[in-house]
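Notes follow the structure.
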Amino acid sequence: MKMLTVFVSLFLLAAAEKQDLSGKMFTFPLTSNRHYVSLNPELENSNLTAVTVCLRAFSDLPRSQSLFSLELPSTHNAFLIFKPKHGAYKLHVEGQSMEFWGLPDELNAWNSLCATWNGKTGLGQLWVNGKPSVRKGFSRGGFLNGTPKIVLGQQQENYSGGFQGTQSFVGMLTDVHMWDSVLALDQIAKYSYGGQFQPGNVLNWSSLDFSKNGYVITECSKPTVELKHDN
Ligand SMILES: *[C@@H]1O[C@H](CO)[C@@H](O)[C@H](O)[C@H]1NC(C)=O
Ligand SMILES: *[C@@H]1O[C@H](CO)[C@@H](O)[C@H](O)[C@H]1NC(C)=O
Ligand SMILES: *[C@@H]1O[C@H](CO)[C@@H](O)[C@H](O)[C@H]1NC(C)=O
């Protein structure tokens, strides 16, 4: 019995280990409804009244795809960053959604994306490669209450799970951060242009508690940065 307790404790310790993923990315090689990464945020039973999520995505998918899926026990699509198709972005907050058009969306290149939401005003906004969207209103006076489940690579159907291959992400994701506030403009600019920024206090890529499920590879993110050639 004692032995079992020791093993269980060791397992829990290992499972809770955080990794510094600086300079690394998750590669999602296939369309599927099985391959994903779950992220364990620094929160339990939280009650968020503001959110910022930033990430960088590299893909050539023209179809719909989920970039960041956060579910709450009480709310489907509590905070979801989704691409319905090439050139379009959709942000869901507390199940309400808005589409954003005319933002950069380069295929086969890193796109740096930040999504912000302020519950007090209800205003949400996207920034892609430093370019801001229109601010649009979602769920004014709202809040995200409960222990979140966060998934990369798939869109969660509900808090108990369920994925659809048609919404899966194929490509690479890196530098995923989440804050419980609306990030200041200078911080968004620094994130977008590769400068030093204050890491996320809810999800910190330099100290990330996560688990990979199925065919997802963690690798160095450098080889995709442009190769110089003389001529
Ligand atoms: C969460 O925060 C909102 C806004 O501040 C508040 O109205 C609500 O009662 C809070 N919910 C819980 C469960 O603390
Ligand atoms: C969650 O979604 C899955 C897959 O669609 C479904 O099987 C399950 O019944 C859903 N659960 C709830 C509680 O809605
Ligand atoms: C993020 O992780 C790094 C590396 O562990 C740490 O130095 C930094 O303080 C963390 N930042 C926050 C806001 O948690």
Side-chain angles (χ1 to χ4, degrees), residues 13-14 16-26 31-56 64-66 69-80 82 92-96 114 116-124 137-151 153-168 173-184 186-188 190-191 194-210 213-214 218 220-221:
L13 271 177
E17 200 187 338
K18 290 180 185 169
Q19 283 189 43
D20 181 358
L21 293 177
S22 310
K24 297 201 173 122
M25 63 187 179
F26 291 134
T31 292
S32 83
N33 62 356
R34 292 186 293 123
H35 311 311
Y36 65 101
V37 176
S38 34
L39 306 182
N40 305 313
E42 312 266 351
L43 296 170
E44 255 178 50
N45 285 315
S46 60
N47 192 17
L48 301 178
T49 53
V51 174
T52 300
V53 170
C54 292
L55 55 84
R56 296 187 224 282
S64 62
Q65 65 201 266
S66 172
S69 167
L70 185 155
E71 290 285 301
L72 289 170
S74 57
T75 321
H76 178 45
N77 291 340
F79 199 87
L80 170 69
F82 192 78
H92 298 245
V93 181
E94 271 202 297
Q96 299 180 20
C114 292
T116 66
W117 175 69
N118 178 343
K120 204 166 168 187
T121 58
L123 295 179
F138 307 71
S139 131
R140 187 176 184 184
F143 43 87
L144 302 181
N145 184 51
T147 302
K149 282 195 183 167
I150 304 178
V151 162
Q154 301 284 345
Q155 185 191 348
Q156 301 172 90
E157 291 285 294
N158 56 44
Y159 196 68
S160 342
F163 303 138
Q164 290 177 15
T166 51
Q167 298 173 336
S168 64
L173 290 175
T174 188
D175 295 340
V176 182
H177 290 268
M178 178 172 172
W179 296 259
D180 61 359
S181 60
V182 172
L183 207 55
D186 71 308
Q187 293 294 306
I188 290 178
K190 283 175 182 159
Y191 181 88
Q196 288 281 334
F197 60 93
Q198 183 64 42
N201 63 341
V202 178
L203 293 173
N204 180 351
W205 191 251
S206 307
S207 174
L208 196 68
D209 183 355
F210 67 95
N213 301 271
T218 310
C220 179
S221 59

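All ligand and atom numbering here is 1-based and tracks the order in the structure. Remember, it's a predicted structure, so these values are computed and weren't measured experimentally.
- In this structure, atom 4 (C) of ligand 2 lies nearest to the protein heavy atom G162 CA, 3.8 Å.
- Checked against the 6.0 Å centroid threshold, W205 and F26 count as a close aromatic pair.
- Taking every heavy atom of S207 and a limit of under 4.0 angstrom, the matching atoms of ligand 3 come to 2 (O), 5 (O).
- Taking every heavy atom of N145 and a limit of under 4.0 angstrom, the matching atoms of ligand 1 come to 13 (C).
- Taking atom 5 (O) of ligand 1 as the reference point, the nearest protein heavy-atom neighbour is T49 CG2, 4.1 Å.
- Between N47 and ligand 1, an N or O atom pair is found at a separation short of 3.5 Å.
- Under the 4.0 Å distance rule, the nearest protein heavy atom to atom 11 (N) of ligand 1 falls inside the cut-off.
- Nearest protein neighbour of atom 9 (O) of ligand 2, counting heavy atoms only, is N158 ND2, 4.8 Å.
- Of all non-hydrogen atoms in P199 and N204, the two that sit nearest each other are CB-OD1, 3.4 Å.
- Counting only heavy atoms of the protein, atom 13 (C) of ligand 2 lies nearest to S160 OG, 3.8 Å.
- Of all heavy-atom pairs spanning M178 and L70, the tightest one is CE-CD1, 3.7 Å.
- In terms of heavy-atom proximity, Y191 sits nearest to T174 at OH-O, 4.1 Å.
- Nearest protein heavy-atom contact of atom 2 (O) of ligand 3 is N204 ND2, 2.4 Å.
- The ring of F197 has its center closer than 6.0 angstrom to the ring center of H177.
- One side chain, S69 or Q156, offers a donor N or O that lies under 3.5 Å from an acceptor on the other.
- In terms of protein heavy-atom proximity, atom 6 (C) of ligand 1 is nearest to F143 CE2, 4.1 Å.
- Looking at every heavy atom in both residues, L43 comes nearest to T147 through O-CG2, 4.4 Å.
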